[in-house]
Amino acid sequence: MSSSKTLSSDMELFAAALLQRKVSVWGRTADDSYVLLDAGGIIEKYSPDSVKIRFGPGERREYYLRGECEFRIE
């Protein structure tokens with residue numbers, strides 16, 4: 001069984017970006033549980049409000065709001 005670490009601080013996001021760790025994105029539902037939105041992307045950029053992640057071979061890029069999402073590494 002694998003455990004995941006939630007990235008919440010700027011330093012944690014910076015380290016994950018620098019080391020090119022794969023990050024999964026989780027969104028909170030109305031009943032305060034988390035569901036997987038996207039798995040296995042690399043952080044390209046982050047700000048106090050958002051995180052930009054690049055996914056897979058198609059190089060799809062998405063922005064996620066830090067206040068609404070959780071970012072995790074295995």
### Query
Is there a side-chain contact between Ile53 and Arg61, using heavy atoms and a 4.5 Å cut-off?
no

### Query
Taking all non-hydrogen atoms of both residues, which atom of Glu74 and which atom of Arg21 are closest, and how far apart?
O-NH2, 2.8 Å

#### Entry: Between Asp49 and Ser47, a side-chain donor and acceptor under 3.5 Å
no

### Query
Taking all non-hydrogen atoms of both residues, which atom of Leu36 and which atom of Val25 are closest, and how far apart?
CD1-O, 3.6 Å

### Task
Go through the structure and list residues passing side chain to side chain donor-acceptor pair (under 3.5 Å) with Arg60, not counting sequence neighbours.
Asp38, Glu62

### Message
I want to check something: taking the side chain as every heavy atom from C-beta on, are Cys69 and Leu37 in contact at a cut-off of under 4.5 Å?
### Response
yes

#### Entry: Taking every non-hydrogen atom, the tightest pair across Asp10 and Tyr46
O-OH, 3.5 Å

### Minimum side-chain heavy-atom gap Phe71-Val51 below 4.5 Å
yes

### Query
Is Trp26 reachable from Ile42 through a run of hydrophobic residues whose side-chain heavy atoms are each under 4.5 Å from the next?
no

### Task
Using the ring of Tyr34 (Phe, Tyr or Trp, six-membered ring only), decide whether Arg72 places NZ or CZ under 6.0 Å from its centre and within 45 degrees of its axis.
yes

### Task
Would you check if Lys22 and Ile43 make a side-chain contact, meaning some heavy-atom pair closer than 4.5 Å?
no

### Task
Give a yes or no answer on whether the side chain of Glu12 reaches the backbone of Ser9 with a donor-acceptor pair at less than 3.5 Å.
yes

### Query
Between Tyr63 and Ser50, which heavy-atom pair has the shortest distance, and what is it?
CD2-OG, 3.9 Å

### Task
Under 4.5 Å between side-chain heavy atoms, chaining through other members, with only Ile, Leu, Val, Met, Phe, Trp and Tyr counted: pull out the rest of the cluster around Leu19, sorted by chain and number.
none

### Task
Could you grab the distance from atom CZ of Arg54 to atom CD of Glu44, nearest 0.5 Å is fine?
5.0 Å

### Query
Leu7, Leu18: one ILVMFWY side-chain cluster at the under-4.5 Å cut-off?
yes

